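The structure under discussion appears below in the form of structure tokens.
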Amino acid sequence: MTQFGKGCHLHLIDGSAFIFRAYHALPPLTRKSDGLPIGAVSGFCNMLQKYVEDNAGPDAPTHVAVIFDKGSHTFRNDLYDLYKANREAMPEDLRPQIPLTRRATEAFNIACKELEGYEADDIIATLARQAREAGGRVTIISSDKDLMQLVGDGVEMLDAMKNRRIDRDGVFEKFGVFPDRVVDVQALAGDSVDNVPGAPGIGIKTAALLINEYGSLEDLLDRAEEIKQPKRRQTLIEKREQIELSKRLVQLDEETPLEFGLDDLEVRDPDPEVLLGFLAEMEFRSLTKRIADQLDAEAPVIPDTTPEGANPAEEGTPEMPAIEPDTYIWVKTAEDLAPFIDAAHQRGWVAVDTETTGLNEMACDLVGISLCTEPGEACYIPLAHRADSDGGLFGDGDLAEGQMPMQAALDLLKPLLEDPAVMKIGQNMKYDAKIFARYGVRIAPIDDTMLMSYAMNAGLHGHGMDALSERYLSHTPIPIKELLGSGKKMKTFDQVPIEDAVKYAAEDADITLRLWTLLKPQLHRNHVTRVYETMERPLVPVLAEMEMAGVQVDRDTLSRMSNAFSQKMAALEAEIHELAGESFNVGSPKQLGEILFDKMGLEGGKKGKTGAYATGADVLEDLATEHELPARVLDWRQLSKLKSTYTDALQEHINKDTGRVHTSYVISGANTGRLSSTDPNLQNIPVRSEEGRRIREAFVAPEGKTIVALDYSQIELRILAHMAEIDALKQAFRDGQDIHAMTASEMFNVPMDEMTSEIRRQAKAINFGVIYGISGFGLARNLRIPRSEAQGFIDRYFERFPGIRTYMDDTVAFAKEHKRVETLFGRVIHTPEIAAKGPRAGFAKRAAINAPIQGTAADIIRRAMIRMPDAIEKLPATMLLQVHDELIFEVEQGAEEALISAARTVMEGAAEPVVKLDVPLVVDAGQGKSWAEAH
DNA sequence: CCTGTCACG
DNA sequence: GACGTACGTGACAGGG
């Protein structure tokens, strides 16, 4: 053994970089025999193998180590608790692969090092220093710019993917300074990926300029007063502390307390038996063979242990047995259940479905659970079917024979359903997760076939199980109507005879599992794995929590309002009948139309396709200038709407047990990525009219708490400015200007200080029109101006902001070519209608223009919501509602400001690190005892 | 069940 | 030149 010294060459491999590169480069492969996710390990081994091959020549290293990160908390988090705070959580299928990459490194007989509390970069820095001081050479295999500060004095970097060496000049190219000043530049420029704050408004270019002028960061900060640019000077003076903190964050620790020396890293040949044994264990067939050839060793035999049924990682359509509901198992005892639990553990996955007495997860009871571990092998565990299936008078509450006691079954299932190593597969898992939660089971991890379909095929078809089964399995599931009937005599599921329930329920689990085997491998092929993994799947538990939390709604307030509305409506109705000269149903558009246009003979009656006169608000508003009756009808309609949809209906939605209102969000409810809200819809609570807004007074915080509302300011316009690259708009947002006034000023050549509210209003309508795929007709109708005038506005707008027209044209062209559009985050919205002829083409065109903007905004708030639970974990606060660009919280009094600060940080940074917007995202906040006050 | 209407972003 | 037209949702009432 030679001591490390002159002539020695140390290679330091950045292990985490290898892992992430491997993970993202490869489809989600799984081990054939048991489905263990293995894609990243496979890529990692291939990269190590390539590394060994590439470095066998005359310049071969004498010493080598792969360095890994360990733990998520490092000394940098003690310096700054937000360090790396906006990092994406590690994908669930990557986590179990991390220890395997360590084993892979050891199998290659390469030293594998990590240290709790330190990042890999610090270990690399320390080893590089030691090697340099010993007179040896160092090559760091990584492309991480944070390591560039180490280059020089015999230390180089090697970007293994691009096979490019980075020396002092290479660093200068990247940072504009040599390695010894890289940390100074990084301290100023900050880093959005690691969440290093830096100096706001200063990027790498400016930072390098300053450092080169003043020599060092310290000198720059000491002499900051001398800087000519006022903004820059102010930033450097005011943010000095933040900049110095940033420097400490980016400065690598070269004195990491290592418990090994350079000599321990000497290159060793792999032991063929160990290496091949590991590769065979992972079932990497071709790599095992290739390495065996190279080592001149016998390749171990990897048995073909494909389980019966399908492996979701395989390409093509798996062979599956026919769906036969007669073969499903009725689980009556723990012994019947055991084989399914065992099979689930063995496979690593199980499809799960719950049957309940109703569709409201917060107000129904669990009736049974079905499981499926492979296509065709499904069971149903009835738990609460009633003996008197025909609903007889006697024995109400008596349970049918052949059922396990519910608690006994749940006790057996809970460990499986909560086992992090077993994937629970469902169709619309949010529903089942909420049911289980009410029975004390926190189901995780989960996969959801509905969300897979949505991620891949939004805009192409629905994502309900029946539709998916028809489409992908050519199978019509047993209709629920066959079991429950319909209409007044409809049964609940606990009244269904168990023999029938077994077929229906187990079939659902079987179908779900089959869909999963088909859809899961398609995610990658459709390039939506990231969308699914980061914006669909993680949303399920977040929404489940919000829905279960519910929002407190004050019944008395609503009730009082209902009564007031009733009285006003009655008065209006009498008045209307008086004006009409006869009594009729004011709520009937048909009757109203006949009164207005036939009896009273008003002008402008237009019949729709059904032959009825149109009596929409716009029509009535026009008539209202001449006559009193339509004006009264408008008033009546507003009250009728408020009463029936809100003050009356909301009371019905107050949950008996919790006393709160629990909406249900549909993740796949809108093709653009927006959520929708049902039962009740809490995303359309009135706000625009004074009268309607008062309904929000009924949404209150409980005693001792406060409602806090945070909403994105102008998020869609900001996204438009970014996507269409409109410099003037981008600058206006950066400067915090009134964007509509600024648009008006640009378009109509009116100076900002002479702006009138009327001109601003028109510009605002145009700005919104642009987002919707503007047309002269639409704008004319909205602004109630002649079409020619509206068209003139649009022409002028495009003249002033030509980039907008380019964006719209490009988007439509993209949609025509690909039959889809995409958001900035890669969400796909299919636009099959874009090829249509006639008026439908117009719809499709405008939808295609709107979808990337609306969808990107939807993606951003989804990302914020997914990060929110961790961000507010330590605060006495609960996220309750989402209204497209707004999040509503409930927080204990006293913690309002802390919540606003934490939530705002998450929301404003939600695009990062995947997308760096050219415009800031701004979040406005409000608080009060009710939603009305908070908004 | 479909249509018209109207509440929201 | 005519055709219709702002984007995305959900709930309710009326009427067949």
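Note that the structure is a prediction, hence the values are computed from the model and not measured.
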(message) Which heavy atom of A/Tyr454 sits nearest to which heavy atom of A/Arg674, and what is that distance?
(response) OH-O, 4.0 Å
(request) Output yes when a side-chain donor or acceptor of A/Arg800 lies under 3.5 Å from a complementary backbone atom of A/Met747, and no otherwise. (result) no
(message) Categorize A/Arg781 for me: base, sugar-phosphate, or nothing, with a 4.0 angstrom heavy-atom threshold over every strand shown.
(response) sugar-phosphate
(request) Measure from CG on A/Asn850 to P on B/dG9 and round the result to the nearest Å. (result) 16 Å
(message) Of the listed nucleotides (C/dG10, C/dG15, C/dT9), which one gets closest to any side-chain atom of A/Ala670?
(response) C/dT9
(message) Just to be sure I understand the rule, does A/Val666 reach a base, reach only the sugar-phosphate, or reach nothing, if contact means heavy atoms closer than 4.0 Å?
(response) nothing
(message) Are more than 12 heavy atoms, taken from residues, nucleotides or ligands other than A/Arg660, located less than 6.0 Å from that residue's CZ atom?
(response) yes
(request) Grab the CG-P distance between A/Leu592 and C/dA13 for me, whole Å please. (result) 17 Å
(request) Please determine if a side-chain N or O atom of A/Arg846 lies less than 4.0 Å away from the OP1 or OP2 oxygen of C/dC7. (result) yes
(message) Between A/Ile667 and A/Asp448, is there a side-chain heavy-atom distance shorter than 4.5 Å?
(response) no
(request) Return the value, rounded to whole Å, for the distance between atom CG of A/Leu620 and atom P of B/dT5. (result) 8 Å
(message) Taking 4.0 Å as the cut-off, does a side-chain nitrogen or oxygen of A/Asn585 come that near to OP1 or OP2 on C/dG14?
(response) yes
(message) Between A/Asp679 and A/Thr672, which residue's closest nucleotide on DNA chain C lies nearer the 5′ terminus?
(response) A/Thr672
(request) Tell me what A/Arg693 touches on the nucleic acid: a base, only sugar-phosphate, or nothing, going by heavy atoms under 4.0 Å. (result) nothing
(request) Quick one: label A/Ala790 by what it contacts on the DNA or RNA (base, sugar-phosphate, nothing), any heavy atom closer than 4.0 Å. (result) nothing
(request) Would you check if there is a donor-acceptor pair between the side chains of A/Asp554 and A/Thr557 at a distance under 3.5 Å? (result) yes
(request) Using a heavy-atom cut-off of under 4.0 Å over every strand shown, decide if A/Gly616 touches base, sugar-phosphate, or nothing. (result) sugar-phosphate
(request) Give one of base, sugar-phosphate or nothing for A/Asp885, where a contact means two heavy atoms less than 4.0 Å apart. (result) sugar-phosphate
(request) Indicate whether any N or O donor in one side chain lies under 3.5 Å from an N or O acceptor in the other, for A/Asp795 and A/Gln791. (result) yes
(request) Whole angstrom is fine here: how far is it from CD1 in A/Ile849 over to P in C/dG8? (result) 11 Å
(message) Using a 3.5 Å limit on both distances, find every run of at least three consecutive Watson-Crick or G-U pairs that involves DNA chain C.
(response) B:1-9 with C:7-15
(message) For the residue pair A/Thr672 / A/Gln854, report whether a side-chain donor-acceptor contact shorter than 3.5 Å exists.
(response) yes
(message) Using a 4.0 Å heavy-atom cut-off, does A/Gly769 contact any base of the nucleic acid, only the sugar-phosphate backbone, or nothing at all?
(response) base
(request) Among C/dC7, C/dA11, C/dA6, find the nucleotide with the atom closest to the side chain of A/Phe843. (result) C/dC7
(request) Would you indicate which nucleotide in C/dG8, C/dG15, B/dC8 comes nearest to any side-chain atom of A/Ser588? (result) C/dG15
(message) A side-chain contact here means heavy atoms from C-beta on lying under 4.5 Å apart; do A/Glu886 and A/His935 qualify?
(response) yes
(message) From OH of A/Tyr772 over to P of C/dT9, roughly how many Å is that when rounded to an integer?
(response) 13 Å
(message) A cation-pi test, strictly: NZ or CZ of A/Arg805 under 6.0 Å from the centre of the six-membered ring of A/Tyr807 and no more than 45 degrees from its axis. Yes or no?
(response) no
(message) Looking only at the side chain of A/Arg696 (C-beta and beyond, no hydrogens), which of the listed nucleotides B/dG9, C/dA11, C/dC7 gets closest?
(response) B/dG9
(request) Report which part of the nucleic acid A/Phe768 touches: base, sugar-phosphate, or nothing (heavy-atom distance under 4.0 Å, all strands). (result) nothing
(request) Mind calculating the distance between CD1 (A/Ile771) and P (C/dG8) to the nearest angstrom? (result) 14 Å
(request) Using a 4.5 Å cut-off on heavy atoms from C-beta on, say whether the side chain of A/Ile771 contacts that of A/Asn850. (result) yes
(request) Report which part of the nucleic acid A/Asn684 touches: base, sugar-phosphate, or nothing (heavy-atom distance under 4.0 Å, all strands). (result) base
(request) Could you tell me the separation between the NZ atom of A/Lys590 and the C1' atom of B/dC2, rounded to a whole number of Å? (result) 15 Å
(message) Quick check for you: among C/dA6, C/dG8, C/dT5, whose closest atom lies nearest to any side-chain atom of A/Arg787?
(response) C/dT5
(request) Looking at every strand, decide which applies to A/Ile685 at a 4.0 Å heavy-atom threshold: base, sugar-phosphate, or nothing. (result) sugar-phosphate
(message) Say we look at B/dT5 and C/dT5: how far apart would their P atoms be, to the nearest angstrom?
(response) 13 Å
(request) Could you work out which one of B/dG9, C/dA6, C/dG10 sits closest to the side chain of A/Val883? (result) B/dG9
(message) At a heavy-atom distance below 4.0 Å, what parts of residues 637-650 of chain A sit against DNA chain B?
(response) A/Arg637, A/Gln638, A/Lys641, A/Tyr646
(request) Return the orientation label for the A/Phe699 and A/Trp931 ring planes: parallel under 30°, perpendicular over 60°, tilted otherwise. (result) perpendicular
(message) Once you apply a heavy-atom cut-off of 4.0 Å, does A/Ala614 come out as touching a base, just sugar-phosphate, or nothing?
(response) sugar-phosphate
(request) Please state how far atom CD in A/Gln882 lies from atom C1' in B/dG9, giving the value in whole angstrom units. (result) 10 Å
(request) Please tell me which of the listed nucleotides, C/dC7, C/dG10, B/dG9, lies nearest to the side chain of A/Val687? (result) B/dG9
(request) Could you tell me which non-hydrogen atom of A/Tyr712 sits nearest to which non-hydrogen atom of A/Ala864, and how far apart they are? (result) OH-CB, 3.8 Å
(request) Could you measure between the two P atoms, the one in B/dG4 and the one in C/dA6, and give it in whole Å? (result) 14 Å
(request) Identify which nucleotide among C/dG15, C/dA6, C/dT5 has an atom closest to any side-chain atom of A/Gln591, counting heavy atoms from C-beta outward. (result) C/dG15
